[in-house]
Amino acid sequence: MAFPGARARVWAAAARAAQRSRRVENAGESPSPEPAGRRAALYVHGPYCEKRCSYCNFNKYIPRHVEEAGMQKCLVTEAQTLLRLSGVQWVESVFFGGGTPSLASPHTLAAVLEAVAQTAHLPADSEVTLEANPTSAPGSRLAEFGAAGVNRLSIGLQSLDDTELRLLGQTHLACDALRTLAEARRLFPGRVSVDLMLGLPAQQVGPWLGQLQELPHHCDDHLSLYQLSLERGTALFAQVQRGALPAPDPELAAEMYQRGWAVLREAGFHQYEVSNFARNGALSTHNWTYWQCGQYLGIGPGAHGRFMPQGAGGHTREARIQTLEPDNWMKEVMLFGHGTRKHVPLGRLELLEEVLALGLRTDVGITHQHWQQFEPQLTLWDMFASWITGAFGVPGRVWLCWTLPC
C-alpha cells in the first residue's frame, strides 16, 4: 500500500542514518547539531476509543462519526503551526498516543509525519511510536502503520488474566494480546513495548508475579509497570466507592512492585525510570525527553506541550493545553491554525521544580551538568548545601541523585 512521502522520508535513508549516528557516537560527538532550544519531541493525541476502560479518565471519546479527512487536515495544520511558533527545527521523536491512535487511518499518521518532515528536520532514524490495543491492531494493520512511518509500538496488554481484563473494561482476551504481541515483534523486532498493571482490586501477589514471569518470554526489550490509580469519575472508582469491589491494598501493591523489579532484573531488564524497564538499550527516546525536561509539542485534542514560543518573540517556556473536545478543537484549528486553549508561562521556580520532579524519576537523577542547562547561575550546591549540611552534619561536594532499587 502506498502512502504519502512519509515512508520515503522516514525510511529510505534509515540504514545510512543509523550508520552515521553510530559513527558519530563512537567518535564521542553529539549526533544532533541543533542547539537545545531548536529541538523538541512531538506528541500527537488520538482522542477516540472503541469503549472507555473502567479505570481511565484520559481525554477520550467514543466516536459516533469521525471525519477522518478533517481530523487529518487539522493535525497537519496544528503540527505545522506549532513547529513554526516554537522555532523548532529538529524533531527528535514522534509519539502517537491516546485514546487509541491505532484506530486512525495509517494515511493520517503518514500525513502528519510528512508535514513534520517538510516543516522541520525529522531524521530518518527518529523514534516514531504508536500506542495500540490488541483489538485495534491486527497484523495487516500493523504492517500498514509500519509503511506509514511508525517504527516502534507500545502495546497496552495491561494483564494476562482474562478476569482482570474484564475488570479493567478491556475488549481483548489474553490470547488476543499475545497474538498481537507476536505479530508486532515480527514486524518491529526489538522495538515493541508492553504495559502491565499492578495493584488492582483483589489482585494477589503470587498470580500477578506468575504473569510477569511469563511476559519476558513473549515481549521485546521494553516493559512498563503501572500501578492502578483510582480516578474520580471512572467506573472502577465508583465500584470501589459503593463497596462493590475492595479498595486496592497499597501494601500489596508495594510488594508487587518490589518483587516485580527483581523478576525483571533476573530477565535482563534495567529499571531506568520509576515505571519503565529496558534491556539491550531499548529505552524510550520520546519519554526520556519528558524526564529530562526537554521541549515537546503537543498536537491534537487535549494534548499537552512544553516549549518556548520563539516564533512569537517569547523568551519563557510555556505549558500548553489544547482544546479538549474534538469538534471544538477542529473549529479552532481551522480558524487560528492551532487549538491551544490555555498557555501558561513557567516562572523560573516552576521550571526548576519540573527539572527536579522529572529528573528524580530516573536512575540518572539530577546531575550538576543537567541542572545548569536550566539554571547556569545557581548550582545544586547553592540550592542544597545548607540542607545537606544540616541533615548530615558534614559539608562537601554533593550531587543530587535519586536511587532506584539495587
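Values below: all heavy atoms of this structure, side chains included; hydrogens, waters and symmetry mates excluded.
Side-chain N/O atoms of Q373 and Q369 include no donor and acceptor closer than 3.5 Å. With no hydrogens or angles considered, no side-chain donor-acceptor pair links H368 and Q372 at under 3.5 Å. Side-chain polar atoms of S159 and Q211 form a donor-acceptor pair below 3.5 angstrom. No hydrogens or angles considered: nothing links the side chains of E68 and S105 as a donor-acceptor pair under 3.5 Å.
None of L157, V194, N276, V192 except one satisfies the side-chain contact (heavy atoms from CB on, under 4.5 Å) rule with L223; the exception is V194.
The nearest pair of heavy atoms linking L167 to S54 is O-OG, 2.7 Å. Looking at every heavy atom in both residues, A148 comes nearest to P106 through CB-O, 3.4 Å. The heavy-atom pair separating Y43 from G97 by the smallest distance is OH-C, 3.3 Å. Here the closest heavy-atom approach between residue A104 and residue L109 is recorded as CB-CD1, 4.1 Å.
Within 6.0 Å of CZ on R232 lie no more than 12 heavy atoms contributed by other residues, nucleotides or ligands.
By the 4.5 Å heavy-atom criterion applied to side chains, R259 and V263 are not counted as neighbours. Contact of the T234 side chain with the Y55 side chain is not registered, since no non-hydrogen atoms from C-beta on lie closer than 4.5 Å. Proximity of Y296 to S93: side-chain heavy atoms (C-beta onward) are nowhere separated by under 4.5 Å. Using a 4.5 Å cut-off on side-chain heavy atoms (C-beta onward), I299 and Q322 make no contact. C293 is listed as a side-chain neighbour of L351, based on a closest heavy-atom distance under 4.5 Å. Two residues are said to be in side-chain contact when any heavy atoms from C-beta on lie closer than 4.5 Å; P309 and R320 meet this criterion.
Checking side-chain atoms of R38 against main-chain N and O of Q89 turns up no donor-acceptor pair under 3.5 Å. Judged purely by atom type and a 3.5 angstrom limit, E325 uses its side chain to pair as donor or acceptor with the backbone of N328. Between the Y272 side chain and the S284 main chain, a donor and an acceptor come within less than 3.5 Å of each other. Put simply, the side chain of D162 never gets that close to the backbone of L173: no donor and acceptor are under 3.5 Å apart. Of the possible donor and acceptor atoms, none in the side chain of D220 sits under 3.5 Å from a partner among the backbone N and O of H222. Checked by atom type and distance alone, the side chain of D221 never pairs as donor or acceptor with a backbone atom of G281 at under 3.5 Å.
In summary, E127 and R191 do not engage in a salt bridge, as defined by a charged side-chain N under 4.0 Å from a carboxylate O.
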Carefully, step by step, assess R317 and E350 under the rule salt bridge (charged side-chain N to carboxylate O under 4.0 Å, His left out).
CA-CA 10 Å; R317 184 181 294 215; E350 292 170 306; over 6 Å; no

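Ring-centre distance between H304 and Y290: not below the 6.0 Å cut-off.
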